[in-house]
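The structure appears right after this line, and notes come after that.
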Amino acid sequence: MNSKDYTQEQVKIWAPENIDEKSWHLSLLSHYTLVAIDKKKIVGFVDLDENYVDRLYVAKDYQRQKIATRLMDKIENYAKKQGQISLYSHVSITAKKFFLDRGYIVNKEQYVEKQNILFKNYVMEKFL
């Protein structure tokens, strides 16, 4: 979530400072998850739930270093080996160009609600 594309209120709701670590841990364990590490520090991750790319994240100080590209390359290759014919995701305004550049198409623009606030994103899909 990027503050140039979303309001401060939206960013605080979507990425709160206090997270439920147990819930996150369980969610990541139930998905196929890849983690990027630099000097024993987690700098990015991606997770896949069947053919749904649930989350893709790279820490702000590590962006523009091809970390997201490498994570997505690996997740797409894994999905192919699992017999998936396509992947889809709910993509933020900020990440839309990245996904377009990877060959994803916009199936629809949508607004999702969280804590009574609307967030614009895109349902995007790529055929493998």
Side-chain angles (χ1 to χ4, degrees):
M1 192 78 15
N2 192 311
S3 59
K4 73 179 175 69
D5 297 314
Y6 296 93
T7 67
Q8 285 296 347
E9 181 182 33
Q10 288 173 314
V11 171
K12 284 182 182 178
I13 290 170
W14 201 262
E17 290 181 21
N18 298 319
I19 62 167
D20 180 351
E21 289 184 26
K22 183 178 179 181
S23 174
W24 266 77
H25 182 73
L26 291 173
S27 175
L28 291 170
L29 283 176
S30 70
H31 297 167
Y32 180 74
T33 303
L34 299 174
V35 178
I37 298 174
D38 181 46
K39 300 175 187 160
K40 298 183 180 180
K41 178 181 177 182
I42 294 174
V43 298
F45 69 91
V46 63
D47 66 320
L48 183 68
D49 183 10
E50 296 185 19
N51 71 328
Y52 176 64
V53 179
D54 193 0
R55 292 165 285 219
L56 172 62
Y57 170 79
V58 175
K60 69 178 180 73
D61 293 338
Y62 289 84
Q63 292 177 2
R64 307 261 182 241
Q65 297 179 32
K66 302 283 184 200
I67 293 169
T69 298
R70 289 193 297 270
L71 287 169
M72 287 300 294
D73 286 347
K74 289 179 183 289
I75 213 84
E76 288 173 4
N77 286 332
Y78 171 81
K80 281 183 202 175
K81 289 178 184 173
Q82 298 304 306
Q84 299 295 342
I85 57 171
S86 70
L87 292 180
Y88 77 100
S89 189
H90 296 169
V91 176
S92 69
I93 296 167
T94 307
K96 181 182 176 189
K97 182 180 180 332
F98 172 80
F99 278 83
L100 286 170
D101 290 347
R102 292 193 61 79
Y104 286 72
I105 58 169
V106 176
N107 285 341
K108 72 176 180 176
E109 179 180 303
Q110 67 181 3
Y111 288 85
V112 295
E113 184 179 330
K114 187 170 184 173
Q115 297 181 19
N116 297 319
I117 302 294
L118 291 176
F119 296 82
K120 179 179 175 180
N121 70 16
Y122 306 89
V123 177
M124 298 183 73
E125 182 177 23
K126 178 179 182 176
F127 292 91
L128 302 174

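Note that the structure is predicted; figures quoted are calculated from it, not measured.
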> If you measure only the distance, is there a donor-acceptor pair under 3.5 Å linking the side chains of Ser89 and Arg55?
Replying inline: no
> Does the side chain of Asn107 reach to within under 4.5 Å of the side chain of Met124, using non-hydrogen atoms?
Replying inline: no
> If you look at every heavy atom in Ser86 and Phe127, which pair is closest and at what distance?
Replying inline: CB-CD2, 3.7 Å
>> How about CD on Glu113, more than 12 heavy atoms from neighbouring residues, nucleotides or ligands closer than 6.0 Å, or not?
In response: yes
> Should Ile117 and Tyr122 be counted in the same cluster of Ile, Leu, Val, Met, Phe, Trp and Tyr side chains packed under 4.5 Å apart?
Replying inline: yes
>> Donor-acceptor pair, distance only, cut-off 3.5 Å: does the side chain of Gln10 make one with the backbone of Leu118?
In response: yes
>> Angle between ring planes, Tyr52 versus Tyr88, binned at 30° and 60°: parallel, tilted or perpendicular?
In response: tilted
>> I'd like to know if Val106 and Leu56 are part of one continuous hydrophobic network [Ile/Leu/Val/Met/Phe/Trp/Tyr, side-chain heavy atoms within less than 4.5 Å].
In response: yes
>> I need the Glu125 CD to Asn51 CG distance, nearest 0.5 Å.
In response: 8.0 Å
>> In this structure, would Leu128 and Leu100 fall into the same cluster of hydrophobic residues linked by side-chain contacts under 4.5 Å?
In response: yes
> Of all heavy-atom pairs between Tyr57 and Leu71, which one has the smallest distance, and what is that distance?
Replying inline: O-CD1, 4.4 Å
> Is it true that a side-chain atom of Thr33 and a backbone atom of Asp47 form a donor plus acceptor pair closer than 3.5 Å?
Replying inline: no
>> Would you say Asp38 and Tyr62 are linked by a side-chain donor-acceptor pair, where the criterion is simply a distance under 3.5 Å?
In response: yes
> Just how far is it from atom NZ of Lys41 to atom CG of Asp61, taken to the nearest 0.5 Å?
Replying inline: 6.0 Å
> Would Gln84 and Tyr78 count as a side-chain contact (heavy atoms from CB on, under 4.5 Å) if you check the C-alpha gap in whole Å, the side-chain angles of each, and the deciding distance to 0.1 Å?
Replying inline: CA-CA 9 Å; Gln84 299 295 342; Tyr78 171 81; over 6 Å; no
> How about Ile85: does its CD1 atom have over 12 heavy atoms from other parts shown lying under 6.0 Å from it?
Replying inline: no
>> Is there a continuous path of hydrophobic side-chain contacts, each under 4.5 Å between heavy atoms, that joins Val43 to Val46?
In response: yes
>> I need the minimum non-hydrogen distance between His31 and Leu48, along with the two atoms involved.
In response: CB-O, 3.3 Å
> Mind checking whether Glu76 and Arg102 have side chains closer than 4.5 Å, heavy atoms only?
Replying inline: yes
> Does CD1 in Ile42 sit with more than 12 non-hydrogen atoms of other residues, nucleotides or ligands closer than 6.0 Å?
Replying inline: no
> Within a strict 4.5 Å, meaning less than it, do heavy atoms of the Phe99 and Lys126 side chains meet?
Replying inline: no
> Please walk me through it: do His90 and Val53 pass side-chain contact (heavy atoms from CB on, under 4.5 Å)?
Replying inline: CA-CA 8 Å; His90 296 169; Val53 179; over 6 Å; no
>> Tell me whether the count of non-hydrogen atoms from other residues, nucleotides or ligands lying under 6.0 Å of CD in Gln82 goes above 12.
In response: yes
> Can you name the nearest heavy-atom pair linking Val58 to Gln63, along with the distance?
Replying inline: O-NE2, 3.0 Å
> What's the verdict on ring-ring contact (aromatic ring centres under 6.0 Å, His included) for Tyr111 and Phe119, showing C-alpha distance, side-chain angles and the deciding distance?
Replying inline: CA-CA 5 Å; Tyr111 288 85; Phe119 296 82; 9.9 Å; no
>> Do Asn121 and Val91 have side chains that approach each other closer than 4.5 Å (heavy atoms only, starting at C-beta)?
In response: no
> Given side chains that start at C-beta, do those of Leu87 and Tyr104 come closer than 4.5 Å, heavy atoms only?
Replying inline: yes
